[in-house]
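Beneath this line is the structure, given in structure tokens, with notes to follow.
Every number for a ligand or one of its atoms is a count from 1 in the order of the listing.
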Amino acid sequence: MPSLLKSIVCLDCGHSMPVDPLPTHCAACGSVWMDAQYDYEQAAALWKAGLAERATTIWRYEELLPLLDSTSIVSMGEGWTPLTRTEGLGRELGHEHLFIKDERQSPTGSFKDRQGSLTISYLRQKGIREIVMASTGNKAAAYAAFCARAGIRLWIFLTSTVPSEKLRELALYGAEVVKITGTYDQAKKVAQDFAARRSLYYDAGAESIPGREAFKTVAFEIAEQLGRLDPDGKGRWRAPDWYVQAVSGGVGPLGVWKGFQELLKMGLIDRLPKLAIVQSEGCAPMAAAWRFQLETADPVVPHTRIAVLATGSPGRSYGFLRAACQETGGTIISVSDGEAFRAMRRLARVEGYSMEPAASVAFAGMDKLIAEGVIKPDERVIVNCSGHTFPAEKHILEDQYVLDLQFGEGGTSASHTQLEDGLGAALERLDEQVTTIVVIDDNPQDSRLIRRLLQAHKNYRVFEVNNPLDGLDLVRQRKPDLVVLDLTMPDMDGFTVLESFKADPEVGHIPVVVVSAKTLTAADRARLEGRAESLWQKGGFNTRELVEHVVRTLGGDLPDSSDPLTEASAGTVATASKQAIAESAPAQQPVREIVVIDDERRDARLIRRLLEATGRYQVHEAYTGEDGWRMVQAHKPDLVVLDLLLPDIAGEDLLERLKRDEHTRDIPVVILTAKDVTAREREKLLGKMLSLFEKANLDRQALIDYVDETLSEE
Ligand SMILES: Cc1ncc(COP(=O)(O)O)c(C=O)c1O
Ligand SMILES: [Zn+2]
């Protein structure tokens, strides 16, 4: 049965318009936001009788799609993707009703194929031969594939953040690819101008009728599939309690929401789900507006590594999604890149799903909502796994993930025995190569140094992680043969990391070697006792001994004991003795701890490097006042370096707070600021701070000398 499209209605003034061709703006008020309306009664009668014989593509729901001539359909198996109940994820989150709508299983690997199929079919119906679009990546791949099939010429404008692998795929489909060094919103503008100059069709964003209409099919499928999963439901369609999706411009959930509304109108479901819209923290204009209950979302300049979600200016999509969330108790939130990457690794580890970072944003959002109790344990949740990662992007995986097994010289001319010998040697090497060590140290210089030391002698696979949470994740995923662990790290200290490892039956047996700059108290030692294999004091051990210890713990020996070990030339992990854990004598030269609180990460890092290079200090960085406050409370450092211009609290107020708290009152504070400090302000700070350095004319050596002097007096 062909489309039951009846009219196009303006969403602003209600004006009704004919359906062929689809109007690009309202004839009465000029608005570009219009909605397609169908004969729902007739569609309901057909769908209630069952769709068993229908195509397993989006075209299964042809009656409610706006394509009048079905001979124009361009299809390659888009839609009708699996709806799968989670296994490991549900167990880890303690939630039994989590389902994944697996949009990776689409022709070009993302949910955008639905839009590609419908839009390109419509353009073919109209006889359009050349089009222009802008994209953050996946819509481009979908359009390029469907255009290739339909013989339509396609111009794609992308930002330079789109990974080169994706660009190559587009070129392979024959699309013209234009890379813009700028934001996605700028790329859209350039594309629109280009199309206008050449009088070419420009594919609109969330306001495009075929775009939103295409994504309705996600809702239709979910309701139909949930009905099938329910053994006593007699195949009756069902709505979930929650629908979770990662959002950039928002066309996806706008369409899904309309799909559920239509099903409700047709009596196929009995209620609407709650929407959970998730943005990447570095580009979250909608989440910010939602939090402050604003009617419109202010554009932002994106700062996210998840390029696919970098729509800084959501326009009116926000207003529509906000209304949808308000109607049923949904929400709009954001997650950090780190949270998204962790969710991505977890899904691969516990479910066997490899998804792209943009999709993992939805999973990280779901984690958060479950943890906060917003999503209840008995609610049915569908999360859209909106895209595949292929190939995995560089910042997620490093090259060591591929094991390269090479045979000896021989080559093709080698005899059989030579080949056998070569294989033996290669397999022996492989044994070593699959011996895996994870180094968890928040200081990348130290982790690199430890990796180099080990790899200078053995072909081990060494993974470095500079953040404890990622470390936990990686150890659970890789189940390495040994872990090298630092003790003082932000977010979670090494003691806690060690305790979680040892409490986990899957990884509890893995030996953990502690390499740390921390001066240990008796209580610290007690916490390590029985858990850590050995303890090495940074700045106080012989590197050769460490390597030997690791090799022996792993059941090997060093090939040539006279081999001169490159005594670590740079870095802090050099020279002298290993400490027994139970030994109570303090290290000879205690390393002092310093907390730097500065929202300019570059500045914080610079100060850290300056001070750590002396070998006398261990420096922790905080980028907000609140984080700084927490870090000072946690570490009770010997000194604080404080910037006055912080994003959340004024540096002066933080200083005040530090001085009022009995635990932190005596910690000396050095002010380092870019702010012009007036004489009056300086006077107010006097007595609370130790000294003030201005960033603009900072004498680095003077700062170090000053810190040295202050701390040696104590
Ligand atoms: C994999 C993936 N997930 C989510 C999104 C966000 O989708 P929307 O355009 O509906 O905001 C995109 C957008 O390109 C995407 O490619
Ligand atoms: Zn109008």
Item to check | Cys10 SG and Cys26 SG subtending at the Zn ion (ligand 2) (10° steps) | outcome: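 The two atoms subtend 110° at the Zn ion (ligand 2).
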
Checklist entry - Donor-acceptor pair, Gln125 side chain versus Leu68 backbone, under 3.5 Å? => result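 Yes, because the side chain of Gln125 sits within donor-acceptor range (under 3.5 Å) of the backbone of Leu68.
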
N/O of [X] under 3.5 Å from N/O of ligand 1, yes or no?
| X | result |
| --- | --- |
| Ser248 | yes |
| Phe111 | no |
| Pro253 | no |
| Ala359 | no |
| Ser110 | no |
| Gln245 | no |

Next on the checklist: Under 6.0 Å between ring centres: does that hold for Phe215 and Trp257?
Outcome noted: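 No, the ring of Phe215 stays outside the 6.0 Å limit from the ring of Trp257, centre to centre.
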
Checklist entry - Heavy atoms only: which of Asn138, Thr311, Leu309 is nearest to atom 16 (O) of ligand 1? => result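 Closest candidate by heavy-atom distance is Asn138.
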
Atom [atom1] of [X] and atom [atom2] of [Y]: how far apart are they, to the nearest 0.5 Å?
| X | Y | atom1 | atom2 | value |
| --- | --- | --- | --- | --- |
| Leu369 | Lys274 | CG | NZ | 10.5 Å |
| Lys368 | Ser334 | NZ | OG | 5.5 Å |
| Leu226 | Ile269 | CG | CD1 | 10.0 Å |
| Glu213 | Leu67 | CD | CG | 12.0 Å |

Checklist entry - Are any of the heavy atoms in Glu356 under 4.0 Å away from ligand 1? => result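 Within the 4.0 Å threshold, so yes.
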
Which of the atoms of ligand 1 are close to [X], meaning less than 4.0 Å from one of its heavy atoms?
| X | value |
| --- | --- |
| Ser386 | 1 (C), 2 (C), 3 (N), 4 (C) |
| Gly387 | 1 (C) |
| Thr136 | 14 (O) |

Checklist entry - Are Thr108 and Asp113 close enough that a side-chain donor and a side-chain acceptor fall under 3.5 Å? => result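 Judged by distance alone, the side chains do pair up.
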
Checklist entry - How about Thr304 and Asp337: does a side-chain donor come under 3.5 Å of a side-chain acceptor? => result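 Distance-only check passes for Thr304 and Asp337.
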
Item to check | Heavy-atom closest pair, residues Ala36 and Ile209 | outcome: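 Answer, listing the atom of Ala36 first, then Ile209: CB-CG2, 4.2 Å.
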
Item to check | Nearest-contact summary for atom 9 (O) of ligand 1 - protein heavy atom, Å | outcome: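 Minimum-distance protein heavy atom for atom 9 (O) of ligand 1 reads Lys112 NZ, 2.8 Å.
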
Checklist entry - Considering only the protein, which heavy-atom contact is closest to atom 10 (O) of ligand 1, and what is its distance? => result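 Sorting protein heavy atoms by distance from atom 10 (O) of ligand 1 puts Gly252 N, 2.8 Å first.
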
Item to check | Cys13 N/O/S atom closer than 2.8 Å to the Zn ion (ligand 2) | outcome: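 Here the distance criterion (N, O or S atom, under 2.8 Å) is met by Cys13, so yes.
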
Next on the checklist: Given Phe220, which partner from the list Tyr61, Trp237, Trp80 fulfils the ring pair (Phe, Tyr, Trp, His ring centres under 6.0 Å) test?
Outcome noted: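 One option only clears the test, and that one is Tyr61.
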
